[in-house]
Amino acid sequence: MANLPIVQFEKKIIETVEQNPVVVIIGETGSGKSTQLSQMLHRKGYTDSGIVAVTQPRRVAAVSVSRRVAQELGVRLGEEVGYAIRFEDRTSERTQIKYLTDGVLLRESLSNPELNQYSVIILDEAHERSLNTDILLGLMKRLVGSRASNLKVLITSATLDGEKVSKFFSDCPLLTVPGKLFPVEIFYSKERPTSYVESSLKTALDIHVREPEGDVLIFMTGQDDIEKLVLKLEDKVRSLEEGSCMDAIILPLHGSLPPEMQVRVFSPPPPNCRRFIVATNIAETSLTVDGVVYVIDSGYVKQRQYNPATGMYSLDVVQVSKVQANQRAGRAGRTRPGKCYRLYPSRVYNDEFLDVTVPEIQRSSLAGTVLYLKSLDLPDIDILKFDFLDPPSTESLEDALKQLYLIDAIDENGSITSVGRTMAELPLEPSLSRTLIEANEYGCLSQALTVAAMLSAETNLLPNRSKSNEKKRKHPPLDLPDGSGFGDHIQLLQIFECWDENDYDIGWCKYYDLQVRGMLFVKEVRKQLSQIMQKIAKGSSDVQANQSRKGHQNYRNLRKALCIGYASQLAERMRHHNGYRTLGFKSQLVQVHPSSVLQPDDDGLYGSYVVYHELISTSRPYMRNVCAVERQWVMPILDKLEKLNVSKLR
DNA sequence: TAGGGTTTT
């Protein structure tokens, strides 16, 4: 720890913090900012008047960094130094330094808007511009101006972003702390290749033949390209003349890889063997692979975008930002001097790449964010004028207001309703929290809890129908429940109920190709949601998973609750075919996703109305996860839509 | 009849 660069800046940092409420720290990789800033402030006595909080965008980071700090201070984790992430609070009365995800801090500020328990709040990795960090930046700006007791805010960011953050906080001081990276030599391509897979392949082989030992990390956009490149690399390396160069191991690395495959990158290679790790941006920040000396950067990344006019998501391949490109290059210099091969010209880097990644807040549906802000009851609120570092478009905010109005979270004047307040307490998308509240009225809360938890699972739970998997399958893909024809929400409910009947058996998940990790996550989410709902309903509600299962049923109450919850995600079938048009957004022709279990009637036609969980534009615009609903439930929503006046909702 | 970049409450 003593040789971390940041330690030499302690005096300067403390002086600046003493004299200013907000300080921006530009700390490059390896500067030690994440572990050291909190300890410096602790030494200076800032933990005497409150807790020093450090937010992280990711759970694993909150856990691992707090563990390191506890170790360095020689205390037990959970005592003076602790962490708090969803489902896991390892802090105590004695905790003075607390690492937490930015999402947890946002939750805390709901029940304690002044965040009085904290003397210092450090927002780490702000340059990643996660949705939660961006909300926190806006809240911190208000808080330092308003809070009675002295609050100190530190924000760490990257070189290219620091000035902007400083300006946002009324030109607060900006300190730069060097990193501890080894130099990385950058090589640019003369022009953009026509095929990134081919170009990566060629570059990787050049490195293998010409360069001394050291692993190669290759950044691609997705699973498909990764699999292609892995196959080609294996083929080419095998055909190299024996003894002409060292052995090679080729490893794919992406999020949908099973955990046991992911951890392979952490075991060191055998001697005289080079590893090629072909990865998505998961290797940019989330996973750190040791031993990398060479990086190949395609310059592209897959990004999810939301279109507020149509309510449609798409997953697009876009150019990385300069911050991302530098982060990728930095992965080559962690253990010794490295090299980074950029598969694009320097002109593209300089002229075309954005400085910083487009913040998530400008690429997401903001219904949840706006509801959260409304529930804080900030004085002088005009949600359209909330002070964001990078404001989302008016269109996007109006879309959020419209959605919230349709599900009764705000009234026609834009004021939060009591239903809206309850919704804000639930860690769910507004459509699902609205569904839970309605289901509680209809006596089907238990079922709704299960549906909401299943839809919250981050991983794909259902069997993966890829070609390679079909071959591996030991049994035909059948006998999972089919939603009784009503659609995917009901199927998700039935699957969980089956698992419950099988005593949450892991083997049962494996037999049906359901991701074990995902199902266990669902169980935990369900438990958390049950606890919150029981508090809201004052203990009277029945939340047992299996209590409602009684032979054949038409799930009428549950579907009605879903219809109310998804009032802003409604579609009407075309008269003569199975296409639907969306209602409530700029009307779009969409299809039920082919993976849906929704069943057509005897004439081959689907029901007249469905609600959908998500619109996703891939090869065509699809509704994913649909539920059949009845005309009589839809009519009041259509009425409301007709009378809607967005300009009054502000 | 088709396709999952990465996070998080």
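What you see is a predicted model; the values in this text were computed from it and never measured. The sequence lines fix the lettering, A, B, ..., with proteins before strands; numbering per chain opens at 1.
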Looking at T285(A), I'd like to know whether one of its side-chain N or O atoms comes within less than 4.0 Å of OP1 or OP2 on dT6(B).
no

Side-chain contact check for Y622(A): nearest option of dT1(B), dT7(B), dG4(B) is dT1(B)

Side chain R107(A) and base dT9(B) donor-acceptor under 3.5 Å:
yes

For R68(A), I'd like to know if atom CZ has over 12 heavy atoms of other residues, nucleotides or ligands within 6.0 Å.
no

Whether Y300(A) and Y196(A) hold their rings parallel, tilted or perpendicular, with breakpoints at 30° and 60°
perpendicular

R59(A) side chain, from C-beta outward: closest of dT9(B), dT7(B), dG5(B)
dT9(B)

Name the residue from S431(A), S433(A), P427(A) that meets the side chain to side chain contact (heavy atoms under 4.5 Å, CB included) definition with E429(A).
S431(A)

Decide, for dG5(B), between syn and anti: a glycosidic angle within 90° of 0 counts as syn, anything else as anti.
anti

Would you say a side-chain N or O of T101(A) is under 4.0 Å from OP1 or OP2 of dT8(B)?
no

Send over the distance from N625(A) CG to dG4(B) C1', rounded to a whole Å.
13 Å

Test of ring centre spacing under 6.0 Å for Y566(A) and Y612(A):
no

Length of the line joining H593(A):NE2 and dT1(B):C1', which is rounded to integer Å:
9 Å

Taking only the side-chain heavy atoms of I282(A) (C-beta and beyond), determine which of dT7(B), dT8(B), dA2(B) contains the nearest atom.
dT7(B)

Separation of atom CZ in R304(A) from atom P in dT8(B), rounded to whole Å
15 Å

Is the backbone of G483(A) close enough, under 3.5 Å, to the side chain of Q491(A) for a donor and an acceptor to pair up by distance?
no

Of the candidate nucleotides dG5(B), dT7(B), dG3(B), which contains the atom at the shortest distance from the side chain of S286(A)?
dT7(B)

Roughly, in whole Å, what's the span from CG in N112(A) to P in dT9(B)?
19 Å

Among dT9(B), dG4(B), dT6(B), which nucleotide sits nearest the side chain of H254(A)?
dT6(B)

Reckon S619(A) has a side-chain N or O less than 4.0 Å from the OP1 or OP2 of dG3(B)?
yes

Candidate nucleotides dG3(B), dT1(B), dT6(B), ranked by approach to the side chain of P594(A) - the nearest
dT1(B)

What nucleotide among dT7(B), dT9(B), dG3(B) has an atom nearest to a side-chain atom of V104(A)?
dT9(B)

Expressed in angstrom and rounded to an integer, what is the separation of D488(A) atom CG from dA2(B) atom P?
16 Å

Integer-rounded Å distance: dG3(B) C1' and D225(A) CG:
14 Å

Upstream residue (5' side of DNA chain B) when R363(A) and L426(A) are each assigned their closest nucleotide:
R363(A)

When you match L428(A) and T221(A) each to their closest nucleotide on DNA chain B, which lands nearer the 5' end?
T221(A)

E125(A) bridged to K33(A) by N-O distance under 4.0 Å:
yes

Could you tell me whether the phosphate oxygens of dT9(B), OP1 or OP2, come under 4.0 Å of any side-chain nitrogen or oxygen in S456(A)?
no

Whole-Å distance, L315(A) CG to dT7(B) P, equals 14 Å

From CZ of R620(A) over to C1' of dA2(B), roughly how many Å is that when rounded to an integer?
10 Å

